[in-house]
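A short write-up of the structure that comes next.
Heavy atoms only: backbone and side chains are in, while hydrogens, waters and symmetry mates are out. Counting starts at 1 for both ligands and their atoms, following the listed order.
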Amino acid sequence: MRRGRLFVISGPSGVGKSSLCRALLDRCPNLMLSVSCTTRPPRPGEEDGVDYHFLSREAFERLIAQGAFLEWAHVHGHLYGTRRADVERARNEGRDVLLEIDWQGAKQVLARMPDALWIFIVPPSLDTLRERLVRRGKDAPEVIARRIQAAQEELAHADEAHHRIVNDDFARALEELVSLICPERAAS
Ligand code: 5GP
């Protein structure tokens, strides 16, 4: 059986990564999204085991000590990480795996699994990003301010990825992603 491929999607929060990834999963039937671990508390509507594995700091640190993470990082004041076993199992079963993680995690993945493809989603401008974060209405103003700063930091690493996709038009950005990840499903 063919070993599944590994795709890493990064980009600042508010850039539309999650919506693009959801749409991508609908288009590419062999692709699955890896569920990350985090110490961030769940937002309203988020489900444990579906959106994230929500862990205490102690539980997360235990997994670090056990070497269970393919990558992990501090993001926006919390710990986030991808369990190596989940990725290995899916790839060994022939499934393609999508990681939606930050640039620090992406670099660790590339160092450990150099066959991974890293795609970076960039906003048309920082102003558009600010508007999207405010409109999303999920976070308090000081959280948004912190995320804008983090976005600038994240964007500074866009050039290190294999591909950059500007999310100025959702449908077009999605087509670009599909043509990179499952070209057999791309619109002709
Ligand atoms: P949020 O808290 O909004 O769900 O995610 C914040 C950021 O954490 C996202 O932009 C995402 O890139 C990053 N992130 C989510 N899961 C992981 C992970 O497993 N590892 C790393 N390094 N970053 C992650």
Quiz item: What atoms of ligand 1 come within less than 4.0 Å of a heavy atom belonging to Ser36?
Solution: 16 (N), 17 (C), 18 (C), 19 (O)
Quiz item: When you look for heavy atoms under 4.0 Å from ligand 1, do you find them on the side chain of Lys17, its backbone, both, or neither?
Solution: side chain
Quiz item: Any N or O on Ser13 sitting closer than 3.5 Å to an N or O of ligand 1?
Solution: no
Self-check item: Same apolar cluster (I L V M F W Y, side chains within < 4.5 Å links), Val109/Met32
Solution: yes
Exercise. Please lay out, stage by stage, how Met113 and Glu71 fare under the test side chain to side chain contact (heavy atoms under 4.5 Å, CB included).
Key: CA-CA 11 Å; Met113 294 184 174; Glu71 61 75 33; over 6 Å; no
Quiz item: Counting heavy atoms only, which of Ile101, Val109, Val143 is nearest atom 18 (C) of ligand 1?
Solution: Ile101
Exercise. Report the C-alpha separation of Phe7 and Leu99 in whole Å, then their side-chain angles, then the decisive distance to 0.1 Å, and conclude whether the side chain to side chain contact (heavy atoms under 4.5 Å, CB included) test is met.
Key: CA-CA 6 Å; Phe7 299 98; Leu99 306 183; over 6 Å; no
Quiz prompt | Which atom of Leu133 lies closest to which atom of Gly14, heavy atoms considered | solution = CD2-CA, 3.8 Å
Quiz prompt | Side-chain H-bond candidate by donor/acceptor type, Arg3 with Asn92, under 3.5 Å | solution = yes
Exercise. Please work out whether any backbone atom (N, CA, C, O) or any side-chain heavy atom from C-beta onward of Arg43 is under 4.0 Å from ligand 1, and answer side chain, backbone, both or neither.
Key: side chain
Quiz item: What atoms of ligand 1 come closer than 4.0 angstrom to any heavy atom of Gly105?
Solution: 22 (N)
Quiz item: Can you tell which part of Glu46 has a heavy atom less than 4.0 Å from ligand 1: side chain, backbone, both or neither?
Solution: neither
Quiz item: Thinking salt bridges, do Arg2 and Asp96 make one under a 4.0 Å N-O criterion?
Solution: yes
Exercise. Check each heavy atom of His76 against ligand 1 and say whether those closer than 4.0 Å belong to the side chain, the backbone, both or neither.
Key: side chain
Practice problem: Look at atom 22 (N) of ligand 1 and find which of Asp102, Thr38, Leu70, Val8 reaches it with the closest heavy atom. | Solution: Asp102
Quiz item: Does a side-chain N-to-carboxylate-O contact under 4.0 Å join Arg83 and Glu88?
Solution: no
Practice problem: Could you give me the CA-CA distance, side-chain angles and deciding distance for Ile165 and Leu20, then say whether side chain to side chain contact (heavy atoms under 4.5 Å, CB included) is met? | Solution: CA-CA 11 Å; Ile165 296 181; Leu20 281 170; 5.7 Å; no
Practice problem: Using a strict cut-off of 4.0 Å, indicate which atoms of ligand 1 neighbour a heavy atom of Ala73. | Solution: 22 (N)
Practice problem: Report the part of Val75 (side chain from C-beta onward, or backbone N, CA, C, O) that has a heavy atom under 4.0 Å from ligand 1; answer both or neither where that applies. | Solution: side chain
Quiz item: Does a side-chain heavy-atom distance below 4.5 Å link Leu117 with Arg5?
Solution: no
Practice problem: Please step through side chain to side chain contact (heavy atoms under 4.5 Å, CB included) for the pair Leu110 and Trp118, ending with a clear verdict. | Solution: CA-CA 8 Å; Leu110 262 296; Trp118 183 11; 3.9 Å; yes
Self-check item: Single-linkage hydrophobic cluster Leu33~Val15, side-chain heavy atoms < 4.5 angstrom
Solution: yes
Practice problem: Pick one of side chain, backbone, both or neither for how His78 approaches ligand 1, counting any non-hydrogen atom pair under 4.0 Å. | Solution: neither
Quiz prompt | Residue of the set Glu176, Glu184, Glu175 for which salt bridge (Lys or Arg N to Asp or Glu O under 4.0 Å) holds with Arg27 | solution = Glu175
Exercise. With heavy atoms of Thr82 as the reference, note each atom of ligand 1 found under 4.0 Å away.
Key: 19 (O)
Quiz item: Taking only heavy atoms of Arg40, which atoms of ligand 1 are found under 4.0 Å from at least one of them?
Solution: 1 (P), 2 (O), 4 (O)
Quiz prompt | Sub-4.0 Å heavy-atom contact, Arg147 with ligand 1 | solution = yes
Quiz item: Does any N/O atom on Gly81 come nearer than 3.5 Å to any N/O atom on ligand 1?
Solution: yes
Quiz item: Taking the non-hydrogen atoms of Glu100, is any one of them nearer than 4.0 angstrom to ligand 1?
Solution: yes
Practice problem: Provide, to 0.1 Å, the distance between atom 20 (N) of ligand 1 and the closest protein heavy atom, together with that atom's residue and name. | Solution: Glu71 OE2, 2.8 Å
Quiz item: Any idea which part of Tyr52 is under 4.0 Å from ligand 1, heavy-atom wise: side chain, backbone, both or neither?
Solution: side chain
